[in-house]
Amino acid sequence: MQEPINYSNNLKLLREKMAERGIKALIIPNADPHNSEEPSAEYSEIRNLFSAYHEPAGTLLVTEKESFIYTDGRFWEAAKIALKGKETKVQELGKENVLPIEEYIKENSLFPVGIDYSLFPISYLEHLKGYSLADKIVDFKVTDYFKNTVKAESEKIFKLDDSLLSTTFDQRIERQRENLKLYDAESILFSSLDDIAYLLGYRGKDIPYCTVFYSYLYISLKEVVLFIDKNKIPEDFSLKDKVEIKDYSSIFSFLKKRNERIILDKKSANIKLFNSVKKPKLIDSPVILEKSIKGEVEIKNTIKYHLKDGYYVFKLMYYIEKNRRKNLDEYHYASYLDNLRLSDKNCFSLSFPTIAAVDKNAVMMHYGPSEKIHSPVSCKNKLLLVDSGGHYYGATTDITRTFMLSKPTKEIIHDYTLTLKSQIALSTSVFMKGSSGHTLDIKAREVMWKEGLDYKCGTGHGVGYILNVHEGPIGFRYYIRPGVNDTGIFYPGQIITVEPGVYKTGKYGIRLENELLVVEHRKTDQGTFFRFMTITYCPYDPRLIDPSMLNKEELEFLNSYNKEVYKKLSKQIKDKDELEFLKFCTARI
């Protein structure tokens, strides 16, 4: 059995090492050298050695006498629970009285500041300049003093079948060579892991629930070089005649020998890489937008697998209906849905750990039950929120539904209907070319704001294709979140979620989530207009909807959606009772 971590002792030892270097503040992110949204356990362990809070989003600040976890609204409740009675305090980012880490450091003159140059993107240097801290940082690598006990993954990468992609490897590489001419550079280094997976047409398993692999990809007019653990390359690697393989750790020595203009993505390339390049050209990765616009093949496949995925969630809905009077639990329901998905021969992984949260647990937006830690679920409870998704050989999915467990109160019906109204408002938007999710977020948010409610997260995020379930450069959010690339404008072919919610501490959380495809609406002499097409097919619970709160347009949308859901899901149903339940859930309101 593994010994429990002594956080206090580790913090004491860490402060001794900081004092030896004269460092007054140390920033430890939950990050890897590629600025991935969620790093592998090998990198997460670094922060988790010093804090009992182990959720994905959260940065640890250690000073000479204090320590803090800074996290956003999705994880405030989880952080409070994990750190109760501990030295480390929660800093709730987004609240008016909470200063950003850098401002806190500046106001308290905690200089110099220690950071691990390999774990912070180049863009962080610009961020530090805004606080006059850029010249006050020191490279401090925690793993020089604390042994990393988690080993890196070494599973083989795997090729996507050519039939799953609209473009070929040669076409994708040629586009990057055109970018070299556009930006007057001689080469480009890709450091974002999903960019690399997209360009190669390969996927991996280095980060749980993500289909990426730790690597760097260098492209010049004559060379394509992949820096990776060579043990991950399969014997039948299809690109062996087109891609040179070098060891992952040799990237720095390779760059230092190059006397050329090299493009670096300032949001994913780390500071250590930047310091290794003699003539860097800093831009946003040109692949981010390219990757987000799905081709005809990707769109067709994504819709195909959403039909299956929506059916699996409906089967869970039916299963809950039959079993809600039994004393089951969150983990049981999550496992039931996971098994449904993974029994599909084309679903090779979940896209994130399934969230199954009953009543007040659902206020913790990323709460996930485990075999050891879960809550009971029965008709004594009110609601069960389930947020889930899968990676298919043809799609990445993400869907949330909130299920009724017992007779709902007027408050629950009101809040569920309000969430539905918020989702419909955004889903039915028509907008001009050039609009972004920051332009449109108010459509969903205002429904909540009018009643003094707000959900402390974005309204939606871009979704990858057999890739990361969170993908830039689009998102629905009314505010800029530093380090998050979601302010891009919309183009047909992009896919984004819409997932508003109502969260009431100590009571319940309600969220409804669909995926939307950006499509062209019409062209006039005034310009080009786009709209969204809903590509998630799963019913809502009519018992939680108050029709009197819906206007004519909202009712038309809901009834049209229900009709489409019935048409598509009924073809997959063989059980008579299950079909009757689908009819009930999709009946015209």
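Keep in mind it's a predicted model, so treat the numbers as computed, not measured.
- We find that Glu580 and Lys576 are not joined by a salt bridge, their nearest charged nitrogen and carboxylate oxygen being 4.0 Å or further apart.
- In this structure, Lys568 forms a cation-pi arrangement with Tyr537, its terminal cationic atom sitting closer than 6.0 Å to the ring centre and no more than 45° off the ring axis.
- Between Tyr214 and His34, a ring centre-to-centre spacing shorter than 6.0 Å is recorded.
- A donor-acceptor pair under 3.5 Å is formed between the side chain of Asn559 and the backbone N or O of Ile589.
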- Query: Is there a salt bridge (charged side-chain N to carboxylate O under 4.0 Å, His left out) between Asp359 and Lys507 once you walk through the steps?
  - Reply: CA-CA 6 Å; Asp359 293 343; Lys507 297 174 75 173; over 6 Å; no
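- Arg401 forms a cation-pi arrangement with Tyr540, by the criterion of a distance under 6.0 Å to the ring centre and an angle within 45° of the ring axis.
- Relative ring orientation between His127 and Tyr124 is described as tilted, the plane-to-plane angle lying within the 30° to 60° band.
- Formation of a donor-acceptor pair under 3.5 Å by the Ser422 side chain with backbone atoms of Leu418 is not found in this model.
- No salt bridge links Glu290 with Arg172; every basic N to acidic carboxylate O contact stays at or beyond 4.0 Å.
- Remark: Lys281 does not engage Asp184 in a salt bridge, criterion side-chain N to carboxylate O under 4.0 Å.
- A donor-acceptor pair under 3.5 Å is absent between the side-chain atoms of His391 and the main chain of Tyr465, judged by distance alone.
- Interatomic distance, Leu512 CG to Leu385 CG, rounded to the nearest 0.5 Å: 8.5 Å.
- Comment: Glu77 does not engage Lys456 in a salt bridge, judged by the lack of any side-chain N to carboxylate O separation of less than 4.0 angstrom.
- A donor-acceptor contact closer than 3.5 angstrom links the side chains of Asn361 and Glu330.
- Formation of a donor-acceptor pair under 3.5 Å by the Thr396 side chain with backbone atoms of Ile466 is found in this model.
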